[in-house]
Student: 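What follows is a single structure, and I will ask about it in a moment.
Both ligands and their constituent atoms are indexed starting at 1 by order of listing. Atom set for the values below is all heavy atoms of this structure, side chains included, hydrogens, waters and symmetry mates excluded.
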Amino acid sequence: MIKLGVNVDHVATLRQARMTYEPDPVTAAGLADLGGADIITIHLREDRRHIQDRDLALISKTVFSKLNLEMATSQEIIDIALKVKPGQITIVPERRQEVTTEGGLCVTTQKKLLADIIKRFRDNGIHVSLFIDPDKDQITASSEVGTQSIELHTGNYANAKDERQSAKMLEVLKEGVRIAQEAGLRVNAGHGLTYKNVCPIVESMDVEELHIGHSIVSRAIFVGIKKAVQEMKELIYKHYLIKQNL
Ligand code: PXP
């Protein structure tokens with residue numbers, strides 16, 4: 001069964017809008033846990049625009065599910081991650097001006113740097129994933145730098161203007177999964193996924209984890225985070241059964 005990673009960064013974004021203590025992403029992570037999240041994801045950015053060091057420390061001690069820490073390759077964040085030891089890290093590109101992570105990591109141009117970082121994490125028993133675009137060269141380079149998993153960026157699929165483009169982007173993702181699995185990589189996917197566009201992904205792609213933030217946190221405002229997570233889990237399960245012809 002496909003695992004669901006729930007990204008609670010957006011809860012922290014709301015808190016930081018007022019620089020106050022609420023809503024607390026630590027509480028959100030606990031409730032997402034209760035709703036059936038398999039993984040809790042947070043991104044400790046260098047500029048600390050949403051998740052704070054205190055959130056990482058508390059979530060790492062309190063969540064039952066696997067903690068997936070998204071991070072860039074800065075030395076400060078690497079040192080923190082090696083101290084906290086999350087179950088998994090996902091290396092993402094980071095630009096100060098961006099609203100959210102805008103595209104995949106360029107692995108081809110920084111193979112040596114990534115190989116060294118990945119080795120440090122793997123030597124410390126931390127599973128490593130690289131967030132990349134569904135591009136053959138990036139996938140091949142990822143398999144060469146020693147990562148165990150990749151997370152395919154689903155943004156172009158999610159932002160498709162019409163059904164034709166969406167179908168085309170889905171094919172690109174499916175081909176990416178095929179190439180990655182042939183290279184021995186485990187494949188996750190995420191970014192821009194919603195209660196609507198996640199269904200074709202589940203029905204047609206062999207991925208291990210789906211990482212979803214904005215859509216779940218948005219629904220949570222109206223139904224609560226535990227229920228929002230439960231609904232996404234049920235949706236993924238329903239379409240997983242369709243895929244298996246069950
Ligand atoms: N995966 C990665 C690597 C991300 O950076 C993000 C956004 O923080 C997500 C998944 C979740 O994206 P969204 O919030 O659009 O669901």
Student: Taking atom types as modelled, is there a side-chain donor on H211 or E70 under 3.5 Å from an acceptor on the other?
Tutor: no
Student: Can you find an N or O of F131 that's nearer than 3.5 Å to an N or O of ligand 1?
Tutor: no
Student: When only distance counts, is G213 in polar contact with ligand 1, meaning an N/O pair under 3.5 Å?
Tutor: yes
Student: Can you check whether S215 has an N/O within less than 3.5 Å of an N/O in ligand 1?
Tutor: no
Student: I need the atoms of ligand 1 closer than 4.0 Å to a non-hydrogen atom of H10, numbered in the order shown.
Tutor: 14 (O)
Student: List in chain and number order the residues that pass ring-ring contact (aromatic ring centres under 6.0 Å, His included) with H214, two or more places apart in sequence or in another chain; answer none if no residue qualifies.
Tutor: H10
Student: Examine distances only and state if a side-chain atom of T108 and a backbone atom of Q138 form a donor-acceptor pair shorter than 3.5 Å.
Tutor: no
Student: Please could you name the atoms of ligand 1 that H211 approaches to less than 4.0 Å, counting only its heavy atoms?
Tutor: 10 (C), 11 (C)
Student: What part of H153 sits under 4.0 Å from ligand 1 if we count only heavy atoms: the side chain, the backbone, both or neither?
Tutor: neither
Student: Is there any salt bridge (charged side-chain N to carboxylate O under 4.0 Å, His left out) pair reaching into residues 191-216, and which pairs are they, with sequence neighbours excluded?
Tutor: K66-E209, R186-E208, D206-K243
Student: Is the backbone of V229 close enough, under 3.5 Å, to the side chain of R219 for a donor and an acceptor to pair up by distance?
Tutor: no
Student: Look up atom OH in Y21 and atom CZ in R54, then write down how far apart they are to the nearest 0.5 Å.
Tutor: 12.0 Å
Student: So which of H191, H43, E70 gets nearest to atom 2 (C) of ligand 1, if we judge by its closest heavy atom?
Tutor: E70
Student: Please confirm whether I212 approaches ligand 1 to less than 4.0 Å, judged on its heavy atoms.
Tutor: yes
Student: For Y237, is the OH atom crowded, meaning more than 12 foreign heavy atoms sit under 6.0 Å from it?
Tutor: no
Student: List every atom of ligand 1 that sits less than 4.0 Å from any heavy atom of G192, numbering the atoms from 1 in the order shown and giving each element.
Tutor: 12 (O), 13 (P), 15 (O), 16 (O)
Student: Output the list of atoms in ligand 1 that are nearer than 4.0 Å to some heavy atom of E151, sorted by atom number.
Tutor: 1 (N), 2 (C), 3 (C), 10 (C)
Student: Ignoring hydrogens and angles, state whether a donor on the side chain of N68 or T41 is under 3.5 Å from an acceptor on the partner side chain.
Tutor: yes
Student: Within ligand 1, which atoms have a heavy atom of V92 less than 4.0 Å away?
Tutor: 3 (C)
Student: So, regarding H214 and ligand 1 (criterion: nitrogen or oxygen to nitrogen or oxygen, under 3.5 Å), is there a contact or not?
Tutor: yes
